[in-house]
Each structure stands twice: as C-alpha cells, then as structure tokens.
Amino acid sequence: MRVSQLLIPTLRETPAEAEVISHQLMYRAGFIRKTAAGVYTYLPLAHRVIQKISRIVREEMDAKGGQEIMLPIIQPAELWQESGRWAVYGDEMFRLKDRHQREFCLGPTHEEVVTDLVRGEVRSYKQLPLLLYQIQNKYRDERRPRFGLMRGREFIMKDLYSFDRDAANCKQSYAKMYDAYQRIFSRCGLSFRPVEADAGAIGGTGGTHEFMVLADSGEAGIVYCPQCDYAANVEKAECKPQVKAIDATPSAKELVATPGAKTIEAVTKFLHTEPECLIKTLIYRIDAKLVVVLVRGDREVNEIKLNNVFGAMTVELASAQEVNQLCKCETGYVGPVGLTEVEIVADAEVPLMVNAVCGANDNGYHFKGIKPGRDFTINQVVDLRTIEAGEPCPKCGEPLATARGIEVGQVFNLGTTYSEKLNAKVLGENGKEQTLYMGCYGIGVTRTMAAAIEQNYDQDGIKWPMPLAPFQVVIVPVNLKEQAVVDAAEKLYAELLKQRVEVLIDDRDERPGVKFKDADLVGYPLRVTIGAKTLQDGNVEVKFRATGQVEFVPVEAVVDFLQVQIAAQLASCGN
RNA sequence: CGGGGUAUAGCGCAGUUUGGUAGCGCGCCUGCCUUGGGAGCAGGAGGCCGCAGGUUCGAAUCCUGCUACCCCGACCA
C-alpha cells in the first residue's frame with residue numbers, strides 16, 4: 001500500500017491525556033483514536049496488528065481442536081441470574097433494557113451464553129471434548145478505565161471454553177490450552193512468563209495460570225525462581241513463615257506510653273526496635289463483618305488471600321469511625337489484646353512471635369512483651385501476607401526474584417462451577433447423566449497489542465516484533481524529483497508485492513526527515529531507503545528498526561535480502 | 001465511589017484574576033523554494049471558547065446547574 005493513500009494520522013505532539021507509553025505511541029503513530037473513556041477506534045495500522053494477533057491465536061486454537069463460533073454481545077439477564085452472576089458482577093457490567101423493559105447486559109464474558117448453547121445441543125459424552133472459541137468485543141464498565149488499551153471498557157478478547165466428561169479430561173484440555181498459549185505468545189515475538197494465579201471472580205475449582213508479558217510498566221507483580229520453573233503472581237504466591245531471631249525468652253506484657261507514634265515506623269523508632277518485632281493490626285470490613293487482621297510489622301496484608309479465606313464479596317479497610325467504635329482508640333494504637341467480640345485472623349508468622357509490640361487500644365499507648373496465644377487469642381492462622389523478593393522458592397528454596405508483568409492471558413480450570421448452576425449435563429457411557437467439566441481460556445487481543453509496545457519501544461517510537469508488525473517493510477524514496485530514485489523505489493515495491501511481502505511505499509512528497517521520523521514512530525521492522533547517492537553505487541540502504549543496524553545492499557539483491565531477513569525473524573519465534 | 005484538575009481550531013497551549021466579541025506554535029490548503037533525520041518565504045482555510053440557564057448595554061472571562069474527560073485514591077494502623 002501507499003502511505004499517501006493510507007489513513008495514518010501521525011502527530012508530532014503527544015496528546016495530553018495519554019499516560020502510558022503504549023497509549024502515547026499508538027495515538028501519535030496513528031493507530032488509535034479515542035471515542036469515549038476506555039473506548040477506542042482502531043485505525044488501519046492497529047487493525048492490521050489485531051488481525052495478525054488474531055490469526056496466530058486462531059491457528060493455535062484450531063491446532064488444538066478448537067472450533068470458532070460467534071456469540072451474542074447482548075445477553076439476557078435471565079442467563080446471568082441463573083448462574084448467579086447477575087448480582088455478583090455489580091457495577092462492572094454494562095446493563096441495558098429493551099423497549100419492553102426486559103433486562104440485558106453487554107457481555108463481559110461468555111460462560112453463561114456458551115454453556116447455554118452446549119446444554120441445549122450436546123447430549124452425549126461421545127461429542128466431547130468440545131472446544132469452542134470466539135474472538136470478539138467484550139464489555140466491562142471498569143471503575144476507572146485507564147492506560148489506553150491496557151484497561152479499556154470495550155476490548156477484543158479471545159475466549160475458548162472447553163467441555164469435558166470428567167476432571168481428568170478437563171485437565172487435558174487445560175494442558176492443551178496452556179501449551180497453545182506458550183506457542184501463541186512465542187509466535188507473537190513477546191517475552192512472557194506463565195505464572196500461578198488467583199482465580200478471582202471467575203472462580204472455579206481447578207488451577208489457573210496467567211500469562212504475563214514482561215514489562216517494567218506492568219500492573220502485576222510476579223515472583224519467579226531463577227533455579228526452577230516456579231513463577232507466581234504476588235497475589236497468589238504462597239508464603240512460608242520466615243522466622244526472625246527475636247529475643248526468645250518471653251517476658252511479661254507491659255504497657256508503654258508511645259505518644260504520637262501512630263505508624264510502624266514511628267513506633268519502631270520510639271521503642272528502639274525493629275518492624276519485624278511489631279504486630280500490625282488492621283481492622284477490615286469483610287462483607288458486613290468487621291475482622292481483625294494481624295501480620296508482622298514489616299509485612300503487607302494480601303487482600304486477595306484475605307478475601308479467599310472468607311469467600312467474601314468485598315474486602316475493605318474499616319473506616320476510622322468503625323475502628324474507633326470497635327477499639328475505642330485511633331487507628332494508630334489498635335491491637336488485638338482485649339478484643340474478644342470480633343474474629344481475629346493472623347498470618348502464619350504471627351504465632352511465632354515472642355515479645356512483640358502491638359497497639360494497646362488506648363490513644364498514645366502500646367504493649368511490649370506480647371506473646372500471641374498468651375496475651376490474646378487467634379481464631380484463625382493462615383497465610384495472609386504478600387511475598388517479597390528474596391524469600392525462598394516454595395518449590396526448591398532458592399531466593400525468588402521479582403518482575404513486572406502485563407496479564408495478556410489466563411487459563412482457568414472451572415470444574416463444574418458453571419455447569420452445575422446452569423445444569424449442563426450429558427449422558428455418560430453408563431447411560432446416566434453427568435455434569436460437564438469446564439475450562440475457560442482468555443487472551444486479551446487488544447491488550448496484547450499494547451503489551452507488545454510496552455515491551456518494544458524507544459524514544460523514537462514503536463519497535464514491532466516482526467510477527468505483529470502492521471507492515472514488514474517500508475520503502476522510503478528520499479527525493480521524488482529524482483526519477484531514478486522513484487523508478488527504483490516503485491520497481492522494488494512492485495517486486496516485493498509480487499513476493500507477497502507486506503510492504504508500504506512512502507510516496508508522499510515530504511522531506512526525508514519527515515518520512516524517517518514517521519517510519520521510526522510507526523515502527524516498521526525494516527526500512528529501505530533509496531537515495532540518489534547510494535543508488536549511483538547500485539545500492540539501497542536497509543535499516544533494522546529494532547537494532548538500528550544499517551546495511552547497504554545491491555539493488556538487484558535487496559528483494560532476496562529482505563525476504564531472508566523477514567523469514568529469519570519470523571522463524572526465530574516459531575513462525 | 002471519594003478527592004483534585006481540565007474543557008478555547010485536528011494536536012499542544014495562552015487569554016479568564018481586572019467583562020469590550022479570540023490568539024500562539026505545530027499540523028492543514030495554495031504558490032515559490034528545498035530534498036538523507038520533523039527546512040524556509042508568502043498567502044490562506046479552519047472556532048456555538050463543553051452544554052444549559054442567569055447577571056450585564058456587552059460574557060471565553062462573573063454566577064448557578066449539568067455533562068464529558070484526565071489524574072490521584074479507594075492498600076497497611
């Protein structure tokens with residue numbers, strides 16, 4: 001295609017509203033425009049990238065026996081009421097009514113709809129396993145859309161749903177998808193890592209993994225073991241209690257004045273002790289109930305784990321008033337001693353503490369010499385904290401490393417959670433009905449596009465991995481007044497088209513600098529510059545966007561040269 | 001949902017305090033000129049100053065209400 005004819009509205013300046021790099025670059029390079037908060041229009045370049053990602057996804061889904069279908073975006077409330085998620089999903093769901101006041105939603109996901117299909121059409125175990133997938137828009141009314149395509153309200157997602165006769169077969173489907181995902185993100189040319197994850201709102205009884213594209217700007221924290229294959233989202237990573245050497249001889253409980261010391265830091269300083277000697281006491285409101293949560297002073301509560309302990313809908317810190325009512329003091333002096341009316345849950349490290357410090361539930365006072373179990377009762381001891389870098393790997397004991405990641409895919413083993421609620425059964429070999437085992441496997445297509453940029457850019461613009469690039473090659477004739485230059489460019493363009501290379505020719509009557517800047521910004525992997533001087537020597541210049549490397553190639557050899565480069569780059573990531 | 005901010009040309013912004021009918025840079029159009037990293041000169045197009053009320057002889061500017069968008073927060077006692 002010709003740049004002069006393509007809608008690629010590049011901008012010299014970054015729109016004020018774009019915060020993250022992928023958003024800024026996609027806006028500036030003419031990939032996207034915003035239509036509403038969290039809702040974007042995809043221009044031709046973005047559309048091409050989306051098609052490329054989708055194609056890779058399709059090929060790998062099909063290779064595992066997946067069958068592509070399309071499911072409705074507008075979904076009736078009844079189905080969601082049946083699964084119980086009409087109420088659970090809350091404000092995240094776009095809801096609407098038709099002219100008869102019947103309720104619908106814009107599908108945030110499609111478990112209900114697809115299960116409804118299967119329960120109606122699949123009767124026998126002989127029809128299993130059944131792997132159905134779709135690549136479509138999904139809708140989530142995020143409480144705060146941000147980061148451009150990373151957290152939009154309308155986004156493109158691939159979801160595959162697996163239906164199996166039993167848990168063992170379901171596990172096989174899960175393994176197939178896990179494998180497919182490894183292949184997909186490899187083929188996209190991305191650096192990624194699958195991690196153990198929390199199942200969150202989708203729930204389900206089996207395991208779940210998230211696929212993280214590694215990027216410093218990632219929203220998710222992950223830990224991984226440099227020695228073995230263990231890797232997990234910090235939300236999920238299980239913590240072993242780490243015993244710190246504290247004075248092991250228990251002493252008596254002692255009330256000490258700590259005026260003005262309302263933070264871990266202040267109390268530590270005031271009493272000349274260490275954060276790990278303090279018991280951090282937090283009052284949470286879990287659904288409607290207040291709960292006392294204890295972790296060591298140097299640790300952080302993991303609200304996801306806390307939520308899972310209670311199977312709760314909402315987990316929130318209690319308000320200052322609620323704390324005051326319960327403990328009769330300000331938040332800075334809260335402690336577990338004497339709190340008998342509420343449930344006290346403690347992280348596994350807390351019972352190991354001796355001579356600890358905690359708030360005295362009296363403004364300006366703390367206790368010293370506290371021994372959990374002796375001075376207060378713990379109702380439940382569980383892993384409640386967030387793991388930290390350097391802690392031993394739960395599998396092999398080596399110190400864990402941390403990284404940031406962008407979640408681009410997640411695989412869930414759902415078990416019978418949905419099929420039971422929606423009554424999805426088939427007849428088994430024994431002639432009896434059995435409930436289907438399900439899995440669901442999502443990939444954020446538009447988010448993958450954004451993640452690819454977060455991982456591959458420099459100050460000049462995007463550096464597309466070859467498999468995702470909207471075009472593989474751009475030809476830049478330096479001067480349109482030089483007939484020889486134009487002729488050589490057009491000839492090369494025609495030849496590359498014939499060879500089915502995805503090529504653009506920048507035939508705009510612009511100065512060379514403008515074309516170079518745009519080429520760098522959009523991020524074509526290969527740029528062929530054709531100028532009068534090099535052409536006199538019979539050469540053209542090929543520049544690699546990713547490395548900045550430049551090669552002069554004889555005109556007659558350039559088609560082959562480019563094809564070899566493209567094939568090599570594609571092959572290097574398994575295409 | 002809580003707090004803060006913004007809304008003026010396609011993009012980035014000034015003008016608002018002190019009311020007098022809109023400006024700068026980039027981009028866009030025409031011409032000349034230029035051609036290996038966002039050139040130069042000349043001419044030009046483009047704005048219901050977010051929306052709706054109000055005050056005033058007169059409102060981008062003051063007042064009221066609304067809407068949209070952005071940022072921060074909703075995580076540590």
Side-chain angles (χ1 to χ4, degrees), chain A residues 9-20 23-24 27-28 30 33-39 90-92 141-148 221 234-235 258 261-268 275 278-285 292-304 306-307 314-320 322-324 326-327 329-336 347 357-361 363 366 384-386 460-461 476-482 485-486 508-521 527 529-535 540-541 543 548 550:
Chain A
T10 57
L11 300 174
R12 296 194 182 201
E13 286 170 288
T14 303
E17 63 178 55
E19 194 65 19
V20 297
H23 190 197
Q24 292 175 355
Y27 224 115
R28 275 194 63 205
R33 287 295 183 263
K34 185 175 69 183
T35 302
V39 179
D91 294 334
E92 291 260 300
D141 195 359
E142 294 283 345
R143 54 183 157 183
R144 187 176 157 207
R146 55 181 141 178
F147 306 143
V234 293
E235 292 177 347
T258 51
K262 297 173 66 171
T263 63
I264 294 289
E265 194 187 359
V267 173
T268 302
L278 271 56
I279 296 174
K280 194 191 281 189
T281 308
L282 301 157
I283 312 299
Y284 271 91
R285 191 175 56 253
V292 178
V293 177
L294 308 178
V295 293
R296 224 167 63 185
D298 58 330
R299 302 302 197 188
E300 298 201 343
V301 168
N302 184 325
E303 293 187 357
I304 308 270
L306 184 59
N307 189 320
T314 61
V315 167
E316 273 182 310
L317 277 176
S319 68
E322 287 171 310
V323 171
N324 196 277
L326 183 74
C327 306
C329 68
E330 293 177 44
T331 53
Y333 305 103
V334 167
D347 176 69
V357 172
C358 69
N361 294 326
N363 286 341
H366 280 75
L384 278 182
R385 66 187 179 87
T386 302
D460 293 318
V476 178
V478 166
N479 184 343
L480 296 189
K481 298 288 189 294
E482 302 269 357
V485 167
V486 173
R508 295 174 299 169
D509 188 11
E510 291 283 357
R511 293 167 60 85
V514 173
K515 299 186 187 182
F516 294 154
K517 287 289 184 189
D518 271 356
D520 288 346
L521 182 60
R527 188 186 86 199
T529 310
I530 301 181
K533 286 174 205 156
T534 48
L535 201 56
V540 297
E541 174 196 300
K543 184 164 185 178
V550 171

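In what follows, chains carry the letters A, B, and so on, assigned in the order in which the sequence lines appear, proteins first and then strands, with residues in each chain numbered from 1. Given the structure is predicted, the values throughout are model-derived calculations rather than measurements.
The residues A/Glu330 and A/Lys262 are annotated as salt-bridged, a charged nitrogen and a carboxylate oxygen being separated by less than 4.0 angstrom. Under the 4.0 Å criterion applied to side-chain N and carboxylate O atoms, A/Glu322 and A/Arg285 are assigned as salt-bridge partners. With respect to A/Asp298 and A/Lys280, no salt bridge is recorded, no charged nitrogen being found less than 4.0 Å from a carboxylate O.
Comparing the C1' positions of B/rC28 and B/rG10 gives an interatomic distance of 8 Å, to the nearest angstrom. Across the C1' atoms, B/rG40 and B/rG47 are found 29 Å apart, a figure rounded to whole Å. When the C1' atom is compared between B/rC62 and B/rU17, the two are found 11 Å apart, to the nearest whole Å. B/rC24 and B/rG65: their P atoms are spaced 36 Å apart (whole Å). Here, B/rA59 and B/rG50 have their P atoms 15 Å apart, quoted to the whole Å. B/rU8 and B/rG23 are spaced 10 Å apart, taking the C1' atom of each and rounding to whole Å. Separation of the C1' atoms belonging to B/rG3 and B/rG46 is 38 Å when rounded to the nearest angstrom. Rounded to whole Å, the separation between the C1' atoms of B/rC51 and B/rG12 comes to 24 Å.
Of the possible polar contacts, one joining the A/Arg28 side chain to the A/Leu11 backbone as a donor-acceptor pair under 3.5 Å is found.
Within 6.0 Å of the CD atom in A/Glu265, the count of heavy atoms belonging to other residues, nucleotides or ligands does not exceed 12.
For B/rG38, there is no paired base (Watson-Crick or G-U wobble, both distances below 3.5 Å). Figure legend. B/rU6 is base-paired to B/rA68; pairs are counted as Watson-Crick or G-U wobble with both atom distances under 3.5 Å. In this structure, B/rG47 forms no base pair with any nucleotide, since neither Watson-Crick nor G-U wobble geometry is met with both distances under 3.5 Å. Look at B/rC1: its Watson-Crick or wobble partner, with both distances under 3.5 angstrom, is B/rG73.
Distance from the side chain of A/Lys543 is smallest for B/rG37 among the nucleotides B/rG38, B/rG37, B/rC11. Comparing B/rU35, B/rA77, B/rG38 by their nearest atom to the side chain of A/Thr263 picks out B/rA77. Ranking B/rG37, B/rG36, B/rC11 by closeness to the A/Thr529 side chain, first place goes to B/rG36. Among B/rG38, B/rU35, B/rG36, the nucleotide with an atom closest to any side-chain atom of A/Val514 is B/rG38. Comparing B/rG38, B/rG37, B/rC28 against the side chain of A/Glu510 picks out B/rC28 as the nearest.
When the side-chain nitrogen and oxygen atoms of A/Arg12 are compared with OP1 and OP2 of B/rG38, none of them lie within a distance under 4.0 Å.
With rounding to whole Å, A/Arg511 atom CZ is found 9 Å from B/rG38 atom C1'. Rounded to whole Å, the distance from CD on A/Glu13 to P on B/rC11 is 11 Å. As rounded to whole Å, 13 Å separates atom P of B/rC1 from atom CD of A/Glu92. Look at CZ on A/Arg527: it is 13 Å from P on B/rG36, rounded to the nearest Å. Atom CD of A/Glu482 and atom P of B/rU34 are 13 Å apart (whole Å). The interatomic distance linking A/Arg508 (CZ) with B/rG27 (C1') rounds to 13 Å, in whole Å. Rounded to an integer number of Å, the gap from A/Lys481 NZ to B/rG36 C1' is 16 Å. In this structure, the CZ atom of A/Arg33 is 18 Å from the P atom of B/rC69, given to the nearest Å.
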Find every protein N or O atom lying less than 3.5 Å from an N or O atom of nucleotides 70-75 of chain B, and list the pairs.
from, atom 1, to, atom 2, distance (Å)
B/rC72, OP2, A/Arg144, NH1, 3.4
B/rC72, OP2, A/Arg144, NH2, 2.2

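Closest approach of A/Thr386 to A/Asn302, counting heavy atoms only: OG1-CB, 3.4 Å. Of all heavy-atom pairs spanning A/Cys329 and A/Asn361, the tightest one is SG-CA, 3.4 Å.
Each of A/Arg28 and A/Lys262 lies near RNA chain B, and the nucleotide nearest A/Arg28 is the one positioned closer to the 5' end. Projected onto RNA chain B by closest heavy-atom contact, A/Tyr27 and A/Lys515 fall at different nucleotides, the more 5' of which corresponds to A/Tyr27.
At a threshold of 4.0 angstrom between heavy atoms, the contacts of A/Leu480 with the nucleic acid are absent. Residue contacts for A/Asp518: at a heavy-atom cut-off of 4.0 Å it reaches a base atom on one of the strands shown. Within 4.0 Å of A/Gly531, counting heavy atoms only, lies at least one base atom of the nucleic acid. Looking at heavy-atom distances under 4.0 Å, A/Arg385 makes no contact with the nucleic acid at all. Nucleic acid contact for A/Lys280: base, since at least one base atom lies under 4.0 Å from a heavy atom of the residue. Counting non-hydrogen atoms under 4.0 angstrom, A/Val323 reaches a base of the nucleic acid. Note on A/Thr534: a base of the nucleic acid sits closer than 4.0 angstrom, heavy atoms only.
Under the 4.5 Å side-chain criterion, counting only non-hydrogen atoms from C-beta, A/Asp520 is in contact with A/Arg527. With contacts defined as side-chain heavy-atom distances shorter than 4.5 Å, the pair A/Arg508/A/Asp518 qualifies. Inter-residue side-chain proximity for A/Leu278 and A/Val267 is flagged as met; some heavy-atom pair is nearer than 4.5 Å.
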